[in-house]
Amino acid sequence: MTDKLPPSVTAYYSAAAAHDFEALAHCFAVDGVVRDEGAVRTGRAAIATWAANAYAQYKHETEVVESREQDGVHVVSVRVSGQFPGSPVQLTQRFALAGDEIRSLEIG
């Protein structure tokens, strides 16, 4: 399913699966933003820390279920399973791009 996604978003999911949080952060623009669980993380260092902390806490894996482009945003439905109540859950991840990099990711 990731074959329909832009290269930076595909690289994001590959880095996440490999637990390579520095590579994941480098999929983003230098001032990229992640909005997740009511918090905003800005910049690659903050994004790498967010990804590493989330994995340490939840030991989660993400499977892309469906993707589409809507108003210039790549909307990806994912199934997330891990060590948290209600696992697995289906979430929507919205990626906005700036050129070849992820400008923002909103998880909800």
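Here the structure is a predicted model, which is why all the values come from computation and not from measurement. We count residues from 1, following the sequence as given.
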Approximate separation, where rounding is to 0.5 Å, of His74 NE2 and Glu69 CD: 4.0 Å
Interatomic spacing from SG in Cys27 to CG in Leu97 - rounded to 0.5 Å: 11.0 Å
Contact summary for Ser87 and Ser81, nearest pair of heavy atoms: OG-CA, 3.2 Å
Donor-acceptor pair, side chain of Arg41 and main chain of Asp36, under 3.5 angstrom: yes
Exam field: side chain Arg44 to backbone Ala23, donor-acceptor pair closer than 3.5 Å: no
ILVMFWY network linking Ile107 to Val64, side-chain heavy atoms under 4.5 angstrom: yes
Contact summary for Thr42 and Asp31, nearest pair of heavy atoms: CG2-O, 3.9 Å
From OH (Tyr12) to CZ (Phe28), nearest 0.5 Å: 5.5 Å
Ile47 to Leu24 - nearest heavy-atom pair and separation: CG2-CD2, 3.9 Å
Side chains of Tyr13 and Glu63, donor plus acceptor under 3.5 Å: no
Verify same cluster id: Val40, Val34 (apolar side-chain graph, 4.5 Å): no
Flag, side chain of Arg94 to backbone of Leu105, donor-acceptor distance under 3.5 Å: no
Nearest non-hydrogen partners of Glu101 and Ala29, listed with the distance: OE1-CA, 3.4 Å
Backbone of Ala45 reached by a side-chain donor or acceptor of Thr49 within 3.5 Å: yes
Smallest separation among heavy atoms of Ala48 and Glu22, with atom names: CB-OE2, 3.6 Å
Shortest non-hydrogen contact from His60 toward Tyr55: O-CE1, 3.4 Å
